[in-house]
Structure formats: structure tokens, C-alpha cells
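Report on the structure given below.
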2 protein chains.
Amino acid sequence: MLECRLTDRLGDYIDLTSDERTAVDRLTERELRLRRGATLLRENDRPGELYVLTRGTMMSYVLLDDGSRQIVRFLLPGDLVGMAGVIYQQSPETITASTDCTVAPFDRALLGILVDKHPRLGALLLALAQMERVVCTDRLAAIGRTTAKARVAALLLEVRDRLRQLDASIVDTFAPGITQEEIGDATGLTAVHVNRMLRQLEDDGLIAREGGRITLLDGPTLARISSYVNRYAGFDLGWLPPAR
Amino acid sequence: MLECRLTDRLGDYIDLTSDERTAVDRLTERELRLRRGATLLRENDRPGELYVLTRGTMMSYVLLDDGSRQIVRFLLPGDLVGMAGVIYQQSPETITASTDCTVAPFDRALLGILVDKHPRLGALLLALAQMERVVCTDRLAAIGRTTAKARVAALLLEVRDRLRQLDASIVDTFAPGITQEEIGDATGLTAVHVNRMLRQLEDDGLIAREGGRITLLDGPTLARISSYVNRYAGFDLGWLPPAR
DNA sequence: CGGCGCCTTGAGGCTGATCAAGGAACGTGG
DNA sequence: CCACGTTCCTTGATCAGCCTCAAGGCGCCG
């Protein structure tokens, strides 16, 4: 199973000093194991803690009155979990484990201390928050303004790019590890229609499927029809302050 | 015309020290005036600077290949503008003036310096970034999983709450200052259908319209049918580090 | 007075939802 | 080892919400 520490993730973007590394590792001293399907945090709970997801996958979503669900983000190892709730007295989202997984909980006061002692890390977290916001707006544009086929294609590309960031050996074949219903809940479609769109993409020769694994046969075309841009690349972090 | 400085906005959330105030004000030393319709930043431009919007309203949006537009956010005085692009070499969004307005440009390196000298402000900016992300996910859920009527209702409530934050005298009547086409581009609808939904809300007795001004006659019902939550309230910032 | 931007309303069509039924894979207990 | 339940995938038929196209009205400004 894929594993990634927060220091590894942050280290993808900047070279951490050993002081910074120590400070970040301090957030992940405790460890919590979750079973597939377990709920870490529920909407309107009081979100006292934050988490680093270290092993397994989770998802954050919102439930509406009529029982429908909007998946906001799939969480992968190395992701900070629960940041959206850090400013509220009530959590705006529910977070559950899609697979068995391990998280490291830490009090949110530690986040303040971390930023205070290591402003550069604060700036980096601010940058990563912006990245997530941009990913969210991309999804917004996809759901608001593109066809079902394009939305599914964009989601597949995003999943591929994020998995590749964790494991460079992943190129175009991967097991997304999410059901068609979850794809639907992330893209604003029904599971039935997601299934049809996957079939169409397959018939178009853009993807292949086999036993839960998906191969992107023609990434450029997929990206074109879905207006997909990889937001996990193309950074400019030259404005970050020096390490302290 | 409404006006709001960045220090005022940040001061809504925490009491700034005079040092912090000085540092924030330094970001807005320069001033740039824009005509209604002017574009401040275009998608894929190199985003070298950030801006504080001090007077007037703007909007940030994404254009898709087929010419359709997804409005990501309406910008009001006191808002930081361009933060989404701060981490990229190419701007992910276009920003244009909806009315004549005034912005204060500053180099993004200044952001790094600000965070370095005043970590508490860095943490606050991180918190505000999370808030925008939550607003974005609310919109996502609205577009992905709710009806046209609910989306329009939610947008009206959000506009009201944001205007009220700027001007406490605004209660339930306001001039949104946006066209029906813009409401559509923000909610993933066509202008024609927005018009029908406004008429329905009016026929239902939930809103009243008169000469471009809108009155929310029944906020609670509007909030209920649209699952709207005011994300501009209910904060918990107790975890911020002390001022430096 | 003419043009333009925006709003308004009607008619018809298409995308994606809903309802329904069945199949494959897998784990679990007898 | 097999029967069974559960979960997920797959496909067909019908329906409806929202889009598209079209036409006209109002108010403002040059």
C-alpha cells in the first residue's frame, strides 16, 4: 500500500531544513488506524484536531438533505486532512476511509505553533491551500460547464496525476480504487451515467479497462476534450521566505 | 461606493497590532484604477503580482474552449485578488472589473516577507484561504447536486451575507450588481433559466424584485431549500499564534 | 431617435436522471 | 466446498430538467 509522510510531501516542493523536518515530524507522533468505511470526522462535528493521512485513501464529502452526496476531494497519503474545518466551530465536511488507513492526529494549536516557528512552512501551507482551491475551481468549471464525458475524463486524469506524484512508476495504468458511484458523486453524475461514459471513452479508444484497472490510452486527447490542466505541476515558489 | 482596506478585512477576524497594521498597509501603497470591463489578469498570463481590491467589484472566472465561462468568485473590496495564481507560472483564472474599481498591486515576494515577519498574519491568510475553499466546495455541491432554483437561492444568500459583512446596514435588500448572465455563469446555468428561477422564487413569495434591487423576503426558507450555510461566520481562530 | 445591454417569455429538443433488471466477483458461514 | 448475501458493474427504457433558439420589451445613453 502506498505510503507518504508529510515531510515527504512538503519535500516535493522545497528542500526542508533539518529543523523544519523535525517540526513537521512532530505533528505525526501519534497514530490512528481506521478500517475501510470508518468515519474520521462528521459534518457539524467540532473539529478539534487535524490529521495527516499516512497510509491508505480517504475522501471528504458533503451530504445534502435529500441524501445525495458531493465528494469534494479524494485524499491520498501525505495529504493534510481536515484543514477545511480548521477555522470553523463546526466541520463543513465529512471524512471517511475508502480503504483501511492510518492517520496521524494533531491538535490544531500545533499548526499555529508550526507556522509561528517556521514561517516558511506557513507560506508553503498557504501555497498548497491555494493549489487545492484551484483544483476545486477546475472541478467547479467541469461540473458547471462541461459534458458528462468530459467530467469523467478530467477525473481520471487527475487521479492518474496524483497517483503518479506518489509513485513515479505509475504512468498510464492504475487502479483508481474508487467505485463508479464515487466517480459520480465527485463529478455530479449518477453511477449509471458514469458507467455509460466509461463505456463511451472505451469505445472511443481513449481508455481501456480490465479487472478494475484503467489504462489511459490517449492522455492528450482526454486532456483536450476535458480542458484538463495538471495543477500538481508548474509551480513557482520563488517568493517563499528563507527557512528559519 | 463601498470601500474596504485589507487591514479592515483582517481586522474583522483578529485585533491587529500596530506593527501588523503597518506591514499590511505597506502592501497597498501603490494604487491602480480600472474601468468597468477592464481585465486585470488573463488566464495563462504570468502572474507576477498580487492585488488588494479596495474599491468596486471584480470577478474571477475561467473560460472554456467552447466559449462558455465559469465564474469562480465575485470579488468585493477588502478581498485579496490573484492569490490562486501565486503558486503557478501561469494564472489559472481571469480577473476583470465588474464596475470601475481601485486595486493595490504588490509583488508576491512581499507576501513571503509579510508571512516571515508576521507569522500570525500568515496563519490568518491560511485560514482565509481555507474559508474560500469551503465556499468553493459549497458551490461545487450546489452545482453538482441541487436544482437550478436552489443554486440561484444559494447565490443570492451568499451575495447578501458578503455585502452585509462590508456594510452592516444591508439586511435583506440589496442591489447585487450582477447580471442574470453572470448569475448563470456562477451557478452553471443559462441566463434564460436564471431568469425563470428568479421568477419562480418571486412567485413563491421568497424574494421581491424592483429596479435591479432584490429583497429576500424569507431568508430561512431560502436557506433551507438551498442547503445554504453562511461560511463568513462561525469562526474559531483560537489556534492562531500570538502576534509578533 | 436609434442602438445597445439586459430582462422576459414561449416552444421544442437533448443530456443526463430515474426506474428496472440482471450479471460478475468476492467474502462468509454452514 | 458450496450456498448465499453483498457490492459493484452493466444495459435498456422512459422521463424531466435545463438548454437552445427565437422574439419582443424596457431603460439608458450617445
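Naming: A, B, ... by sequence-line order, numbering from 1 per chain.
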Revision key, fill the gap. By nearest-nucleotide position on DNA chain C, the 5'-leaning member of A/V192 and A/T146 is A/T146

Practice item. Please tell me which of B/R36 and B/R196 maps to the more 5' nucleotide of DNA chain C, matching each residue to the nucleotide holding its nearest heavy atom. Key: B/R36

Review point. Does A/R145 pair with B/D185 as a salt bridge, N-O distance under 4.0 Å?
Key: yes

Point to revise | Heavy-atom neighbours of B/E43 CD exceed 12 at 6.0 Å | key: yes

Check your understanding: Choosing from D/dC19, C/dT9, D/dT11, which nucleotide comes nearest the side chain of A/N195?
Key -> D/dT11

Review point. What's the CE-C1' distance between B/M197 and C/dC7, to the nearest Å?
Key: 15 Å

Review point. To the nearest angstrom, how far is B/I183 atom CD1 from C/dC6 atom P?
Key: 13 Å

Check your understanding: Does D/dT10 have OP1 or OP2 sitting under 4.0 Å from an N or O in the side chain of A/R199?
Key -> no

Review point. To the nearest Å, how far apart are B/I143 CD1 and D/dC18 C1'?
Key: 14 Å

Point to revise | Rounded distance (Å) that lies between atom P of D/dC9 and atom CD1 of A/I207 | key: 13 Å

Point to revise | Selected nucleotide, minimal atom distance to B/Q180 side chain, candidates D/dG12, C/dG10, C/dC7 | key: C/dC7

Check your understanding: With a 4.0 Å cut-off on heavy atoms, is A/G184 in touch with a base, just the backbone sugar-phosphate, or nothing at all?
Key -> nothing

Review point. Is any side-chain N of the basic residue among A/R160 and A/E158 closer than 4.0 Å to the acidic one's carboxylate O?
Key: no

**Study point:** Value in whole Å for how far the C1' atom of D/dC19 lies from CD of B/E181
**Key:** 14 Å

Review point. Has B/R209 got a side-chain N or O lying under 4.0 Å from the OP1 or OP2 atom of C/dT8?
Key: yes

Point to revise | Integer-rounded Å distance: D/dA16 P and A/H193 NE2 | key: 18 Å

Check your understanding: How close or far is atom P of C/dT9 from atom CD of B/Q200, stated in whole angstroms?
Key -> 12 Å

Exercise for review: Quick one: label B/T179 by what it contacts on the DNA or RNA (base, sugar-phosphate, nothing), any heavy atom closer than 4.0 Å.
Suggested key: sugar-phosphate

Revision key, fill the gap. Atom CG of B/L189 and atom C1' of C/dC7 are separated, to the nearest Å, by 16 Å

Review point. Closer to the 5' end of DNA chain D via nearest nucleotide, is it A/R145 or A/A191?
Key: A/A191

Check your understanding: In terms of side-chain heavy atoms, does B/Y228 have a donor or acceptor partner in B/D161 at a distance below 3.5 Å?
Key -> yes

Check your understanding: Looking for any heavy atom pair under 4.0 Å, which part of the strands does A/G37 touch: base, sugar-phosphate only, or nothing?
Key -> nothing

Review point. Is the ring centre of A/F235 less than 6.0 Å from the ring centre of B/Y88?
Key: yes

